[in-house]
Protein chains: 2
Amino acid sequence: MPVYLWGATLFSRQGAARSISSHNLAALVGVNAWQIRKDFSYFGDFGTPGVGYNIATLIKHVKKILKLEAVQKAALVGVGNLGSALLAFPGFGVYSFQIAAAFDVDRRKIGKKKSGVVVEDAAKLHILKERKIRLGIIAVPEEAAQGITDKLVHAGVKGILNFSSRYISVPKKVKVINIDIAMDLARLPYYVPSD
Amino acid sequence: MPVYLWGATLFSRQGAARSISSHNLAALVGVNAWQIRKDFSYFGDFGTPGVGYNIATLIKHVKKILKLEAVQKAALVGVGNLGSALLAFPGFGVYSFQIAAAFDVDRRKIGKKKSGVVVEDAAKLHILKERKIRLGIIAVPEEAAQGITDKLVHAGVKGILNFSSRYISVPKKVKVINIDIAMDLARLPYYVPSD
DNA sequence: CTATGTGAATTTATTCACAGCA
DNA sequence: TGCTGTGAATAAATTCACATAG
């Protein structure tokens, strides 16, 4: 589903058309047309036969499905290379996300602004509770990952995006999505013919 | 499959055991035990009943399946925040990857060393052909993504890991894996109970 | 007694084909 | 005529149960 939102947004910026057909969207994101129709029809019908899907309606529906109607605030922990890249990343807006806070342990970074966000002391993660931030992004060295996780959970965070290449354990109620950027690279040689 | 390699490697570093059972590995990576046995048995049997899988053998086999036996060289294009993070990323070794070259258009970066790799001029991407580097990593602003892609393809690159949030078109023979770090974040609210 | 490997059963996803609406 | 939405057919992946090996 997220990929459809991505495709629809892309199309809305590039094309002048008001609608997009399942075929066009399919070509854009790299799946089959019937796949898209099936997926959408599962959530109710919002396409127009003979025309396609109205882009604005489509984006609205998919956002609703993904529960992205309201802007979601997330807290970033770890403002190293990766963290900085995430802060500067322009793509979060598409998915109604905003990195509303950033934390680090490094005294030299605390208090400074990065991409419009002031870096705060990682020791003060508990304030996330007051600020009602419920999503956390972990971009710290792997040794620190579990410790930060525990703090995030304690601060009431309900969802964690984990960029450190280590397994983090959390209570059942908290959802973790692990992203190992190297793991994706590992899929490549399988498709590449060989030497 | 990549996740099994990840799990096995993790286990080998943390535990002192020589073998791992499907149950333990399953718990580590978050799938079912029979799932793992099925997946492995598809590629032939290399486990020992009553004991489990010998870790060294397991890692070797999975690497073979993923065609990761030899170290794979990859070229990074775009040494911004994200590119720097990738260069500094410690996890590539697990998957037998090595970022053997880095390119950028910024004159101030060219010639300087970053994480042990000298940044070269992106105009000279064609030298990848001579160096026999067949994998490319795109970490440039989205406007530049397609142009760099074309250059990579022209230089004989067979697989591309695309971190830019734009669709890139390539000849059929070239495999692209798209990674939109924001897209993964979009999956989170769906699992998080709501407000 | 423990843990693998695999046929069989079940569930889920993919693909097709086509009726129906603009 | 073009494109959606969906039931039916097909394929694939999950799950189970258990024979078998250490």
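Only this structure's heavy atoms are used, side chains among them; waters, hydrogens and symmetry mates stay out. To find a chain, count down the sequence lines: A is the first, B the second, and so on, and within it residues start at 1.
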List for me each residue that meets salt bridge (charged side-chain N to carboxylate O under 4.0 Å, His left out) alongside [X], sequence neighbours excluded, and say none if there are none.
X: A/Arg166; value: A/Glu142
X: B/Asp184; value: B/Arg187
X: B/Arg131; value: B/Glu120
X: A/Lys158; value: none

Under 30°, 30 to 60°, or over 60°: which ring-plane class applies to B/Phe46 and B/His61, parallel, tilted or perpendicular? parallel
What pairs of residues pass the side chain to side chain donor-acceptor pair (under 3.5 Å) test when at least one of them lies in residues 46-55 of chain B, not counting sequence neighbours? B/Asn54-B/Thr57
Enumerate the side chain to side chain donor-acceptor pair (under 3.5 Å) contacts for residues 25-38 of chain B, please, sequence neighbours excluded, ordered by first and then second residue. B/Ser22-B/Arg37
B/Phe46 CZ to C/dT6 C1', straight-line distance once rounded to whole Å: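 In whole Å, C/dT6 C1' and B/Phe46 CZ are 15 Å from each other.
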Can you pull out the residues from residues 26-42 of chain B that lie within a 4.0 Å heavy-atom distance of DNA chain C?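 Nucleic-acid contacts, sorted: B/Arg37, B/Lys38, B/Ser41.
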Among all residues two or more places apart in sequence or in another chain, which pass the ring pair (Phe, Tyr, Trp, His ring centres under 6.0 Å) test with B/Phe89?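 Per chain and number, B/Phe89 pairs via ring pair (Phe, Tyr, Trp, His ring centres under 6.0 Å) with B/Phe92.
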Heavy-atom contact window of chain B on DNA chain D, given 5' to 3' at under 4.0 Å: D/dT14 to D/dG22
